[in-house]
There are 2 protein chains.
Amino acid sequence: MHARLNALSVPALREACSQCNLRELCLPVGLSDRELGQLDELVNLRRRILRGQHLYRGNDPFEAIYAIKTGFFKTDVLLEDGREQVTGFQMAGEILGLDGIGSEKHTCNAVALEDSEVCVIPFTDLENYSREIGALQHHFHKVMSREIVRDHGVMMLLGIMRAEERLAAFLLNLSQRFTARGYSPTEFNLRMTRNEIGSYLGLKLETVSRAFSRFQEEGLITVHQKHIQILDVAGLKKLLSERRA
Amino acid sequence: MHARLNALSVPALREACSQCNLRELCLPVGLSDRELGQLDELVNLRRRILRGQHLYRGNDPFEAIYAIKTGFFKTDVLLEDGREQVTGFQMAGEILGLDGIGSEKHTCNAVALEDSEVCVIPFTDLENYSREIGALQHHFHKVMSREIVRDHGVMMLLGIMRAEERLAAFLLNLSQRFTARGYSPTEFNLRMTRNEIGSYLGLKLETVSRAFSRFQEEGLITVHQKHIQILDVAGLKKLLSERRA
DNA sequence: TGTCTACGTTGACACAGATCAAAGCTCCTG
DNA sequence: CAGGAGCTTTGATCTGTGTCAACGTAGACA
């Protein structure tokens, strides 16, 4: 089930957390230089996941959480009958695997949407280190809490928003996360299919496609396949706040 | 904003965690007797919340998490335009407030649906104690992780299930949680209105009402106002698994 | 005991989004 | 560079749930 780890995927200690340009977004936030050095010991293994491969699957034993170094993932849950619910899309600096702590098994699938690399953080070690490093403990708690808050946002989206509101929220959220990583807020390539967007947003792929077309007609964005350009951020935001009574 | 704490709401040290009959469901799971004693020091304050009152509101500063000693709560998020998304219903032994860790402010509202009592767990203290007590640290992580997994379940519900599937899943979930607390799996009183159920399930109250009526016609349950009796658990489960292609 | 208010049920109808179907675009592979 | 697979777009139609409206029920309170 696990991808074989070859020698190349373990460059270890090279470019550890203390050197990583994601350290302001990722687990090390708020650590002192000395503490960062300790984290380098904890996170000394990397794993490369090719596009389409699983980082883990539902029911795999839970051993580690993963920080995305490069690339892009989706997480999803499957129903027996084949229905899929995408529970999130994750990008560099974000943490995968938190779902597994509670039951010691993973409860969803994590699939790379492009060739990716993750830092492996053995969970027992993380707990041990957090008992030493208060700042690490606290930040880890924040990461989990934010995941809960993010999930509430998705519930909101699924529970009370209409199709175009959902898609606008989705685009704005991506834009904001790309910005935080130093990319353009207004121009990016989607890594996921219309079907995956639809699954995440509780819509069918045709509805997603139509909403994209509609946004384009209205001059809010341009779409060419997976390439998106946001022309009118304010317009998208307006879609979210205005609501016919 | 905070309810005033009167003398009666602080019986402290009496019936602490070590004596509490919820200790197998709540935060103390997996602690040794000695560790339980330590927890008694951490959790020494109770707060009484009357029906309809808020335990906390979105934007309140985050200081503590809460274990429900008795009673029943809902958590919700409000949009500016008044739309409400109920994000969960919580009962005895469950933990409230985890949403606030990430931003040091609460991000949702917690409202008592019946007169309730919660144990106040100051969060800084909890972090300090978890650095001492590995089992507490680990169990706390499990609690947070399970909240994430629960949220994924709700996304699934909202994203891909039809109205009757949602309601069946909701009833079965309540039944299972009541069972874990020693109540009847098949007969209970709903603490929430049809509107609140609808908000949680992403449906309108009329749809919830109709689904209840339908279940009753089909002999799956009886409904009289808030009183529910499940007549055919297997039938409800079948609703969830069977799905016209 | 009567009335008020909040909550729940039911019916008729409307509509957003699903479903079904056909065709176009891109990129990969041989 | 031909063929095919996977993805996307668009149109036509269908349907589950929302919306609107009327009425019913139960508990609270004067």
Side-chain angles (χ1 to χ4, degrees), chain A residues 50-52 74 81-86 111 113-115 157-170 189-218 221-228 239 243-245, chain B residues 50-52 74 81-86 111 113-115 157-168 170-171 189-218 221-228 239 243-245:
Chain A
L50 298 180
R51 179 176 169 183
K74 72 169 174 181
D81 60 14
R83 279 182 285 176
E84 174 195 32
Q85 175 68 36
V86 171
V111 185
L113 296 183
E114 60 183 38
D115 295 355
L157 200 128
L158 293 171
I160 57 190
M161 292 188 184
R162 23 194 37 266
E164 293 190 4
E165 291 176 299
R166 294 182 200 188
L167 193 64
F170 172 73
N189 283 296
L190 298 173
R191 270 70 170 192
M192 67 296 279
T193 65
R194 301 288 188 267
N195 193 37
E196 288 163 336
I197 298 173
S199 168
Y200 180 62
L201 299 179
L203 303 169
K204 291 296 162 183
L205 67 93
E206 294 93 331
T207 306
V208 174
S209 178
R210 278 186 244 270
F212 272 132
S213 301
R214 192 115 201 291
F215 285 177
Q216 186 158 233
E217 283 163 29
E218 288 167 354
I221 63 173
T222 63
V223 201
H224 294 107
Q225 298 291 125
K226 296 203 151 60
H227 184 84
I228 301 283
L239 254 180
R243 171 87 173 173
R244 70 185 186 329
Chain B
L50 297 179
R51 179 176 168 181
K74 73 169 175 182
D81 59 14
R83 280 183 285 177
E84 174 195 31
Q85 174 68 36
V86 172
V111 185
L113 296 183
E114 59 183 40
D115 295 355
L157 201 129
L158 293 171
I160 58 191
M161 293 186 183
R162 29 198 29 265
E164 293 190 3
E165 291 177 297
R166 294 182 201 189
L167 192 64
F170 173 72
L171 290 174
N189 284 296
L190 298 173
R191 270 69 170 193
M192 67 295 278
T193 66
R194 299 289 187 267
N195 193 37
E196 287 163 336
I197 297 173
S199 168
Y200 180 61
L201 299 179
L203 303 168
K204 291 296 162 184
L205 67 94
E206 294 93 332
T207 305
V208 173
S209 179
R210 277 186 246 269
F212 272 132
S213 302
R214 192 115 200 290
F215 285 176
Q216 186 158 234
E217 282 163 30
E218 288 167 353
I221 65 173
T222 64
V223 200
H224 294 105
Q225 298 291 124
K226 296 203 152 58
H227 184 84
I228 301 284
L239 255 178
R243 170 85 174 177
R244 64 166 198 337

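What's counted below: heavy atoms across the whole structure, side chains too, no hydrogens, waters or symmetry copies. Note on naming: letters A, B, ... go to the chains in the order of the sequence lines (proteins, then strands), and numbering restarts at 1 for each one.
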Calculate the interatomic distance between A:Arg166 atom CZ and C:dA16 atom P; express it in whole Å.
14 Å

Touch class at under 4.0 angstrom, heavy-atom based, for B:Gly198 against every strand present:
nothing

Rounded interatomic separation in angstrom, taking CZ from A:Phe215 and P from D:dT9:
13 Å

What is the separation between atom CZ on A:Arg51 and atom C1' on D:dG6, rounded to the nearest whole Å?
11 Å

Phosphate oxygens OP1/OP2 of C:dT10: is one of them under 4.0 Å from a side-chain N or O of B:Ser213?
yes

What contact category does A:Leu205 fall into here, base, sugar-phosphate, or nothing, at under 4.0 angstrom with non-hydrogen atoms?
base

Is any side-chain nitrogen or oxygen of A:Arg194 closer than 4.0 Å to OP1 or OP2 of D:dT8?
yes

Would the base of C:dG11 count as contacting B:Arg210 through its side chain, where contact means a donor and an acceptor less than 3.5 Å apart?
yes

Please state how far atom CD in B:Gln225 lies from atom P in C:dT5, giving the value in whole angstrom units.
19 Å

Here's a test of your reading of the structure: between B:Val208 and A:Lys204, which maps to the more 5' nucleotide of DNA chain C?
B:Val208

Salt bridge (Lys or Arg N to Asp or Glu O under 4.0 Å), that's the test. Do B:Arg83 and A:Glu165 meet it? Break it down for me.
CA-CA 14 Å; B:Arg83 280 183 285 177; A:Glu165 291 176 299; 3.1 Å; yes

Taking atom P of C:dT9 as reference, at what distance in whole Å does atom NE2 of B:His224 sit?
10 Å

Would you state whether a donor and an acceptor, one from the side chain of B:Arg214 and one from the base of D:dT17, lie under 3.5 Å apart?
no

Just verifying a value: how many Å separate B:Met192 CE and B:Lys74 NZ, rounded to the nearest 0.5 Å?
10.0 Å

Among A:Ile160, A:Val208, A:Leu201, A:Leu239, exactly one meets side-chain contact (heavy atoms from CB on, under 4.5 Å) together with A:Arg166. Which residue is that?
A:Leu201

Phosphate oxygens OP1/OP2 of C:dG17: is one of them under 4.0 Å from a side-chain N or O of A:Thr207?
no

With distance as the sole criterion, do the side chain of A:Glu206 and the base of C:dC20 form a donor-acceptor contact below 3.5 Å?
yes

Looking only at heavy atoms, the pair that brings A:Glu196 and A:Leu113 closest together is OE2-CD2, 3.8 Å

Whole angstroms only, please: what is the CE-P distance between B:Met161 and D:dG16?
18 Å

Whole angstrom value for the distance that separates C1' of D:dC7 from CG of A:Leu190:
13 Å

B:Ile197 CD1 - C:dC7 P separation (whole Å):
13 Å

Ignoring backbone atoms, test whether A:Lys226 places a side-chain nitrogen or oxygen under 4.0 Å from the OP1 or OP2 oxygen of D:dT8.
yes

